[in-house]
Amino acid sequence: MNLKKNAVVPANRANERECNQESFGANPAVGLEYGPEARTSRPAEFFDYQYVGGRFLGLVAVAVLSFGAAIGGGFLDPAGFAFSYLFAFGCFFTICVGALFWILVHHAVDAAFSVGIRRQLENLASLLPVLGILFIPLVFVAPILWTWMLPINADSPDVIAKWPFLTPWFFWLRAAFYFAFFSLAATWLRANSLQQDVTGSPHFSLLNRRLSFAGLPLFALCITFASVDWFMGLSFPWVSTIWGVYLFSGSALSALCVMVLIATALRNVGYLRRIMTVEHYHLLGNLMLAFTAFWAYIGFSQYMLIWYANIPEESVFFALRNTGSWNTLSTLLVVGHFVLPFILLLPRAGKRNPRFLCGVAIWLLLMHLLDLYLIVIPVLHPMRFTPSWMDVACLLAIGSTLAAVFLKRLGDVPLWPLRDPRLAESLKS
């Protein structure tokens, strides 16, 4: 982005945007203590996106062209489009839902260190309603992906045994509920956070904590059933009791990686310099290390239990991905998603180096894409690894759309919560 160096935009600049004086008060240098009367010398920071016009339009153009190419390819190869689109959708859905998880945890445990970076997590999670719209193309290719919907499988013992769970009307009802919950939770928590910027009342922190207590169990149910419906459902005879936890672990880790990249990008152009410190990087690096190990633990547990039981209905998932050229990618996933980042994140010095931590974050995001690719695409090409240009087109289509929306929202609100009562403690981290 062609941003001016150290481009910190104070909230009281005359006629800068509507939200400056009207929404955030005449003196936006608001306090870090309880109450609306608190004051601090730190001005609010707004992302000045008037210098990003060309890049924003570029994202929109890439999104339009990529969607056009992918949909055009879908008419020629409906199955290829269906699986490529689900793969791309899953990659970005897991990142955004992972951001929502960290917001819920932040409020539930009353965390202080994450206050300064919470606004960017809120901006990421606010993309979930957009993802609800981007889910619509999957409605038209659903029987290709989830073959239990086909009339030919209506009499299958697996479908009959799982009735009414495996019924189209219930499937779509569940999907609507998932997006309703995720969108409502993300929007409500962000709205309360922004309202606290205006009033400074600690009531909104307490309200978000109560919402998080209620939301965490629903979050666990929704991400578990969504992962079962959309990804385990690709091979409906297959079952795994910890599949939801496996998808969750990758979601939480990928959201952390994106958070590190966003915060560093903002710091590099002059924002968040006094909000995001080396200690914050260290703590985020510790969380990345913990969830790298957690992902490996859940993945190994699932593999070991299925291998030990040796039940055909369960072992089909790994039997497919551990043969032929797919086995090479599976080995790369184990080494790249666990062994390498685990070793890199162990030393203290690396986690306190923003550039090094960003490199690890990019690598982990690539491994996250490989993880989703190995979950989805082998169902379409069981014999061998067969890449398609539609994989890239769908990634660009969904990714560019979400990036454009995120970039637009980035400049609409302050870059960090102005009046959160825990901000002073966060700055001491």
Side-chain angles (χ1 to χ4, degrees), residues 87-88 90-102 105-106 113-114 117 120-121 124 223 227 231 242-265 267-268 276-304 318 321-322 326-377 385 391 395 399:
F87 153 67
C91 292
F92 293 104
F93 172 79
T94 49
I95 292 172
C96 293
V97 84
L100 176 60
F101 165 74
W102 288 115
V105 170
H106 163 85
F113 95 91
S114 52
I117 60 176
Q120 303 315 314
L121 288 171
L124 272 177
I223 194 172
S227 63
F231 300 108
I242 56 176
W243 182 245
V245 185
Y246 179 78
L247 262 293
F248 157 74
S249 62
S251 300
L253 179 58
S254 61
L256 281 174
C257 294
V258 173
M259 184 64 253
V260 168
L261 295 175
I262 292 174
T264 304
R267 289 185 83 252
N268 287 342
M276 183 81 173
T277 66
V278 172
E279 294 300 329
H280 291 94
Y281 279 105
H282 190 185
L283 292 169
L284 287 172
N286 286 336
L287 287 173
M288 289 169 60
L289 174 63
F291 271 83
T292 296
F294 181 61
W295 175 89
Y297 170 75
I298 296 300
F300 171 77
S301 299
Q302 180 175 249
Y303 181 88
M304 184 270 294
F318 292 105
R321 290 156 180 83
N322 288 347
W326 291 116
N327 185 52
T328 303
L329 292 180
S330 297
T331 304
L332 174 62
L333 181 67
V334 173
V335 176
H337 207 308
F338 170 61
V339 178
L340 181 60
F342 184 80
I343 294 173
L344 292 175
L345 289 171
L346 276 177
R348 181 174 184 269
K351 289 175 287 191
R352 300 176 68 84
N353 185 325
R355 182 175 298 180
F356 177 85
L357 198 61
C358 284
V360 178
I362 293 172
W363 176 257
L364 280 170
L365 285 174
L366 291 175
M367 290 300 102
H368 181 64
L369 263 64
L370 178 60
D371 191 14
L372 268 295
Y373 193 85
L374 282 168
I375 289 171
V376 176
I377 303 300
F385 169 52
D391 300 334
L395 280 173

(request) Could you label the plane-to-plane angle of the F248 and F101 rings as parallel, tilted or perpendicular, counting under 30° as parallel and over 60° as perpendicular? (result) perpendicular
(request) State, without any angle test, whether Y281 and N353 hold a side-chain donor-acceptor pair at a distance under 3.5 Å. (result) no
(message) Has N268 got a side-chain atom pairing as donor or acceptor with T264's backbone, closer than 3.5 angstrom?
(response) yes
(message) Ignoring hydrogens, what is the shortest heavy-atom contact between L284 and M276? Give both atom names and the distance.
(response) CD1-CE, 3.5 Å
(request) Verify, without hydrogens or angle tests, whether W363 (side chain) and P341 (backbone) share a donor-acceptor contact under 3.5 angstrom. (result) no
(request) For the pair H337 and L253, evaluate side-chain contact (heavy atoms from CB on, under 4.5 Å) and give the outcome as yes or no after the intermediate values. (result) CA-CA 11 Å; H337 207 308; L253 179 58; 3.6 Å; yes
(request) Supply the atom-to-atom distance W243 CH2 to F231 CZ, rounded to the nearest 0.5 angstrom. (result) 8.5 Å
(request) Locate the shortest heavy-atom distance separating T292 from F342; write the atom from each residue and the value. (result) CG2-N, 4.2 Å
(message) Under 3.5 Å, is there a donor on one side chain and an acceptor on the other for S301 and Y246?
(response) no
(request) Might you point out which heavy atoms bring M288 and V260 nearest each other, and give the distance in Å? (result) SD-CG2, 4.0 Å
(message) Using the rule given for side-chain contact (heavy atoms from CB on, under 4.5 Å), can you reason through T94 versus I223, listing the C-alpha separation, both sets of side-chain angles and the distance that settles it, and then say yes or no?
(response) CA-CA 9 Å; T94 49; I223 194 172; over 6 Å; no
(request) State, with a plain yes or no, whether a side-chain heavy atom of F385 is found less than 4.5 Å away from one of I377. (result) no
(request) Measure the CG-CD1 distance between L256 and I95 for me, rounded to the nearest 0.5 Å. (result) 11.5 Å
(request) Taking the side chain as every heavy atom from C-beta outward, state whether D391 and Y373 have any atom pair closer than 4.5 Å. (result) yes
(message) Measuring from atom CG of L345 to atom CG of L364, what distance do you get when rounded to the nearest 0.5 angstrom?
(response) 6.5 Å
(message) With a 3.5 Å distance limit and no angle check, can you tell me whether K351 reaches the backbone of N286 through a side-chain donor-acceptor pair?
(response) no
(request) Determine yes or no for a side-chain-to-main-chain donor-acceptor pair under 3.5 angstrom, with R321 supplying the side chain and I375 the backbone. (result) yes
(request) Check the pair Y297 / S249 against side-chain hydrogen bond (donor to acceptor under 3.5 Å, both in side chains), numbers first and verdict last. (result) CA-CA 10 Å; Y297 170 75; S249 62; over 6 Å; no
(request) Heavy atoms only: give me the nearest S254-S251 pair and the separation to one decimal. (result) OG-O, 3.0 Å
(request) Drop me the distance from C257's SG to I362's CD1, to the nearest 0.5 angstrom. (result) 9.5 Å
(request) Would you check if the side chain of H280 reaches a backbone N or O of T277 as a donor-acceptor pair within less than 3.5 Å? (result) yes
(message) For a side-chain contact (heavy atoms from CB on, under 4.5 Å) check, start with the C-alpha distance between L340 and V360, then their side-chain angles and the critical distance, and finish with the verdict.
(response) CA-CA 9 Å; L340 181 60; V360 178; over 6 Å; no
(request) Heavy atoms only: give me the nearest L372-C91 pair and the separation to one decimal. (result) CB-SG, 3.8 Å
(request) Rounded to the nearest 0.5 Å, what's the gap from OG on S330 to OH on Y303? Could you check? (result) 9.5 Å
(request) Can you measure from CG (L287) to CE (M259) and round to the nearest 0.5 angstrom? (result) 12.5 Å
(message) Testing the basics here: between F338 and A296, what is the closest heavy-atom pair and its distance to 0.1 Å?
(response) CD1-CB, 3.3 Å
